Each structure stands twice: as C-alpha cells, then as structure tokens.
Amino acid sequence: MSVEKEVLLYFKKHIFKAIFIILMIILVTFVSLIPAQLLRIIVDDAIINSKIKTLIVFSIVYSIIYIIIGVITFIKDVIMLSTSQDITKELRCDMMKHVHKINYSSIVNTDSGTLEAYFNNDVNSINELFTSGIVNICTDLFKMLGIIVTLFIYSYLFGLIILCIMPLLILFTSFVRKKMMKAQLKTKSLEGNVNKNLLENVENIEQIKVNKAEDYVNVKYSNVLNNHFKTAQRSNFYDAIFSPVMQIVRNIVVVAILLISGFNHNIFGMSVGMIISAISLITDLFTPIEALGMEIQTIQKSLASVKRINQFFKIPTDDRKNVNNVDDYAISFNNVSFGYSEKLIIKNFNLRINNGEKIVFKGPSGVGKSTLMKLAMGMIKPTDGEVLIGDVKTYDLNDDARRKLFSIVYQDPFFSEDSILEEIRLKDKSISKEKVREALDKVGLDYITNLDEKLISNNYSSGELALFNIARVIVRNTKIVFLDEMNSKIDPITAKKIINLINDNTKDKIVISISHYGDNLENAKVINIDRNN
C-alpha cells in the first residue's frame with residue numbers, strides 16, 4: 001500500500017466526486033476571467049459614450065459575478081474538505097492495519113514518537129494537500145493560462161512581453177520549491193524526535209520529579225526543539241521571501257504598462273478599456289503566482305509526508321502465516337540463536353517442554369528470558385535453529401492459531417476501557433457471560449456485579465488489574481500460559497494468590513514463566529539462563 005494507491009482507489013470508488021471537482025475548477029477559472037472583460041466594456045462603451053443604463057447594468061453584473069465566484073469557491077472548498085477527510089480517515093485505518101502486520105522486531109525498533117508523527121503530523125499534512133494545496137494550485141494554473149491567452153488576444157506584443165517574464169518567475173518559483181523541499185523533509189524527520197522526547201517526559205514525570213532531573217530533561221528537550229526550529233526556519237525564510245519579490249515584480253510591470261501607454265498609447269494597439277482590463281488581468285495573474293508560495297510550501301510539506309508514510313508502509317511485516325492448527329503442544333528449542341542487529345542474545349539454546357510442564361526462566365537482566373518467551377510464542381523468528389510446537393514452527397502459526405494456543409499474564413495488562421465483559425473475553429463471542437462471571441468469582445472479583453460497566457484502569461489497584469488478567473486466562477482456557485513478570489508491581493499476598501490460581505487452573509497445561517514468583521508454581525522446573533546460554 002502507498003498514499004498514491006490510497007488516493008487512486010478512493011477516486012475510483014467516487015468517480016463522480018472527482019468529475020465534479022474538476023468541473024468546479026474549470027468553472028471558477030472561466031468565471032474569474034469575466035470581470036476584466038466587463039471592466040473593458042464599462043470603460044470603452046458605457047463611460048466613454050456616457051451610457052448610464054449600460055454602466056448600471058454592467059456594474060451590477062460585475063458585482064454579481066464576484067458573488068458567483070465566491071459561491072463556486074465555497075462549494076469547491078466544502079467538497080474538497082469532505083474528500084480530504086474521507087481520504088485521510090481511510091489512510092489512517094490502513095496505517096493501523098499495517099501496524100498490526102509489522103513484525104515484532106521492526107515495531108520495537110520504531111520509537112513511539114515517530115509512529116505518532118506518522119499518524120498525526122504527516123496525515124494532517126496530506127489533508128492540507130487537498131484542502132489548500134494541489135486543488136488550489138491547479139485552479140491558479142488554469143487562471144494563469146486563461147489570463148495569458150486573453151492578453152494575447154488583446155495585444156500580441158503585450159502578451160509576448162508577459163510570456164517572456166513568466167520563465168523568470170517559474171525559475172524563481174522552482175528555486176524556492178527545491179530549497180523548501182529539502183528543509184521540509186528534514187523538519188518532518190525531526191518532528192518525530194520532538195514527539196518522542198515529549199512522550200518520554202510525560203511517561204517518566206514521576207521519576208523526573210523524584211530524582212530532581214528537571215534541568216537535565218529541559219536541556220535535552222530544548223536542544224531537540226532548537227534543532228527542529230533551525231530547520232523549520234530555513235523553510236520559513238524561503239516562504240517569506242517569495243511573496244514580496246512577486247509583489248515587487250507585479251508593481252513594476254503595472255507601472256511600466258502605464259508609463260509606456262502614457263507616452264504612446266498606440267504601441268500595444270489597445271483601447272483605454274483594454275489597458276485597464278489588462279492591468280486588472282495582470283493583478284489577477286500575479287495573485288495566483290503569489291499564492292503559489294503558500295501552496296508550494298503546503299505541497300512540499302505534503303510530499304515530504306507522503307514520502308514518510310510510504311516509508312512507513314515499507315516497514316517489514318510478518319511473513320504470511322499459514323498454520324492454523326496443531327495436534328501436539330510440546331515446545332522444542334532446537335539449537336536456537338537470536339540477536340538484534342549484530343548483538344547475539346541467545347546462542348545455541350536447546351530445551352524441550354512437554355505437556356503439563358511448568359518452566360521458569362531465571363537469570364540476570366538482558367540474558368534473553370523475555371526473548372525466549374517471544375520465540376516460544378512465535379512473535380519473533382530465530383536467527384538460527386528453530387522453535388517448534390509439535391512439529392510446526394511457532395513463527396508459522398497464524399493469528400487464529402496463536403489465539404487458541406496461547407494466553408499471557410502481562411506485567412502491565414492492556415485495557416481499552418470497554419465493558420468488563422468484553423475486556424475479559426476480548427471480543428470472543430463464543431465465551432459466554434456466565435463463564436466470565438465464573439472466572440471473576442474464581443479470582444476473587446465476585447464483588448463486581450455489573451459486567452456491562454466500563455473497565456477503567458484508574459478505578460482499580462494494580463493487584464485488581466492483575467486479577468482481571470488472570471480471569472482472561474481462565475476463560476480462554478488455552479493449552480499454553482505465559483507469565484511475563486506479572487508479579488513485579490503487586491504485593492506478595494496478591495502475588496501468592498495469583499500463583500495459587502494459576503496452579504489450580506493449569507494442571508494439564510504448559511506454563512512458561514519469567515515472573516518473580518514463578519518458582520512457586522507446582523513442580524516448577526527452573527532453567528537458569530546466563531550470558532553464555
């Protein structure tokens with residue numbers, strides 16, 4: 001998927017909307033050329049010949065035309081706003097689908113600030129591409145073409161002079177475009193660092209205050225902001241210089257027309273009304289050129305965002321999984337090695353875990369305990385060797401198979417503020433309300449009476465949230481249960497209660513633990529992991 005494909009697919013589905021937008025652009029271009037023609041008629045016919053009625057009629061029509069231009073522009077802008085919102089909504093949905101497909105290693109190596117920038121800053125810039133970028137620049141280019149053709153009709157010499165000026169303006173515009181494009185790309189990249197630093201400050205505010213590290217984080221954040229500011233200023237400089245230069249050139253051209261026509265009004269072969277109309281057209285010609293400065297900046301920002309989002313869609317995804325069922329649940333690590341980049345964490349690890357066994361991985365931080373668990377779940381692929389469940393590689397299991405086989409008790413369980421019922425059964429309609437009720441009773445949450453009430457994490461203690469997580473495991477009744485440091489944030493009494501619940505509900509299941517109290521599991525087999533594996 002790419003942004004370009006997303007846009008093409010949208011307009012294929014809404015072909016009439018695309019045609020309507022094109023018609024609006026053509027119509028507003030045509031109508032915007034009428035006032036100059038009316039001005040010529042008013043001067044050459046009504047004023048010179050003192051035709052009062054003609055003057056009044058054409059003056060009224062002149063005013064009405066501008067009202068019509070405003071109405072058409074309003075309709076065009078409303079349609080474009082609706083279109084851009086539709087496109088960015090579908091783009092965000094496809095981006096979220098891609099997030100869920102990204103392989104675990106890639107998602108770990110992509111910081112949260114960069115992801116947030118993709119979804120917000122970059123998508124918002126693409127929204128501007130349609131609301132104030134490409135459609136406006138198309139409209140302005142059509143206007144410019146129509147004005148130049150009209151000037152040639154008035155006077156071949158006059159049109160030729162204006163046409164000779166245009167390449168200089170185009171070269172200047174191209175120069176500004178290239179400089180802004182370079183600055184915009186770097187600015188977009190630095191926005192991810194700004195967002196990441198902000199999120200780090202918010203998430204770690206308690207530690208910052210306790211350790212009196214405010215000055216350190218403020219200096220770090222200030223440096224990140226300064227780098228972003230300096231890059232943004234380069235783009236702003238070229239944007240700021242564009243309009244004044246265009247205004248100066250426009251005024252020089254208008255003054256030159258007046259002076260030349262004053263000394264020799266026959267040089268262009270135009271009447272007074274035509275000269276006044278031509279000045280009006282030149283003003284109308286330079287107005288869209290001046291607008292190109294802002295539109296070019298908008299388009300450059302949007303194109304920079306398009307490139308970044310296309311890079312996002314290229315983040316490696318998981319290989320296609322085609323195994324949806326297994327007959328044997330024993331897990332085997334066969335000469336397994338795994339490393340991130342050039343750092344090898346697991347080396348030639350061998351272990352077989354049979355049905356009903358309880359395994360506890362122990363060892364210092366960084367030796368690969370969590371990595372072994374992720375390998376067993378098939379979240380990551382071994383660098384060498386293989387991890388099997390039965391005779392199937394765990395990495396080849398599809399999402400449905402993994403959901404049926406595995407459940408996990410997390411250190412920090414995720415709750416999305418849905419109802420208690422849905423948070424426990426995780427949208428699995430095959431799990432009845434009665435089973436959820438029984439599971440809550442088993443874990444000691446029998447005081448919860450309303451399963452349709454929202455589960456808001458802040459309303460419960462860390463121990464209660466851990467019990468909700470255990471209830472999830474009980475109702476799913478999977479063959480393999482993982483314990484991921486699930487006791488590290490709860491008190492010893494609740495931890496012991498959880499271990500007892502796991503012992504009671506996993507007698508015939510495989511349990512793999514890296515929790516602090518994992519060796520309290522019944523018949524637990526402790527596997528000590530060292531840095532040499």
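Predicted model, so just to flag it, every value in this text is computed and none were measured.
At distances below 3.5 Å, at least one donor-acceptor pair connects side-chain atoms of Arg476 with backbone N or O atoms of Arg403. Side-chain atoms of Ser82 never come within 3.5 Å of backbone atoms of Val78 as a donor-acceptor pair (strictly under, hydrogens ignored). In terms of modelled atom types and a separation under 3.5 Å, the side chain of Lys358 and the main chain of Gly356 share a donor-acceptor contact.
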* To do: Give the C-alpha distance, both sets of side-chain angles, the deciding distance and a yes or no for side chain to side chain contact (heavy atoms under 4.5 Å, CB included) between Ile75 and Phe20.
  => CA-CA 10 Å; Ile75 294 171; Phe20 183 77; 4.0 Å; yes
* Can you list the steps and then say if Leu91 with Ile309 is a side chain to side chain contact (heavy atoms under 4.5 Å, CB included)? -> CA-CA 10 Å; Leu91 179 60; Ile309 291 179; 4.2 Å; yes
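Remark: Phe482 CZ to Phe361 CZ distance equals 9.0 Å, nearest 0.5 Å.
Contact check for Ile424 versus Ile431: no side-chain heavy atoms found under the 4.5 Å cut-off. Between Lys362 and Ile527 there is no side-chain heavy-atom pair separated by less than 4.5 Å. Taking the side chain as every heavy atom from C-beta outward, Val387 and Tyr395 never approach each other to under 4.5 Å. For the pair Lys17 and Asp86, the minimum side-chain heavy-atom distance is below 4.5 Å. Considering only heavy atoms from C-beta on, Ile315 comes within 4.5 Å of Phe312 through its side chain. Annotation: side chain of Lys509 is not in contact with side chain of Thr478 (no heavy-atom distance under 4.5 Å). Looking at heavy atoms from C-beta onward, Thr83 lies out of side-chain contact with His14 at the 4.5 angstrom threshold. Using a 4.5 Å heavy-atom cutoff, the side chains of Ile502 and Ile470 are in contact.
Heavy-atom neighbours of Asn523 CG from other residues, nucleotides or ligands within 6.0 Å: at or below the threshold of 12. Sparse packing is recorded around CG of Asp391, with 12 or fewer heavy atoms of other residues, nucleotides or ligands lying under 6.0 Å away.
Electrostatic pairing of Arg437 and Asp441 counts as a salt bridge here, judged by a charged N lying under 4.0 Å from a carboxylate O. Under 4.0 Å is where a charged nitrogen must lie from a carboxylate oxygen, and between Lys429 and Glu422 at least one such pair does. Salt-bridge annotation for Lys433 and Asp452: present, with a side-chain N of the basic residue lying under 4.0 Å from a carboxylate O of the acidic one.
The two residues Leu375 and Pro382 have their closest heavy-atom pair at CD2-N, 3.8 Å. Taking every heavy atom of both residues into account, Asp418 and Glu423 meet most closely at N-OE2, 2.8 Å. When all heavy atoms of Asp122 and Ser305 are compared, the closest pair comes out as OD1-OG, 3.2 Å. Here the shortest heavy-atom pairing between Val475 and Lys435 reads CG1-O, 3.6 Å. Among all heavy-atom pairs drawn from Arg92 and Phe119, the shortest one is NE-O, 2.9 Å. Of all heavy-atom pairs between Ile408 and Val473, the closest is O-CG2, 4.2 Å.
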Do any side-chain atoms of residues 330-339 form donor-acceptor pairs under 3.5 angstrom with protein atoms, and if so which ones, sequence neighbours left out?
from, atom 1, to, atom 2, distance (Å)
Ser332, OG, Arg352, NH1, 3.1
Asn335, OD1, Asn350, ND2, 3.1
Ser337, OG, Asn348, N, 3.0

Pairs under 3.5 angstrom only: tabulate donor-acceptor contacts from the side chains of residues 366-374 to other protein residues two or more places apart or in another chain.
from, atom 1, to, atom 2, distance (Å)
Lys369, NZ, Gly363, O, 2.9
Lys369, NZ, Pro364, O, 3.3

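Among pairs with a residue in residues 432-461, those fulfilling ring pair (Phe, Tyr, Trp, His ring centres under 6.0 Å) read Tyr460-Phe468, at least two apart in sequence or across chains.
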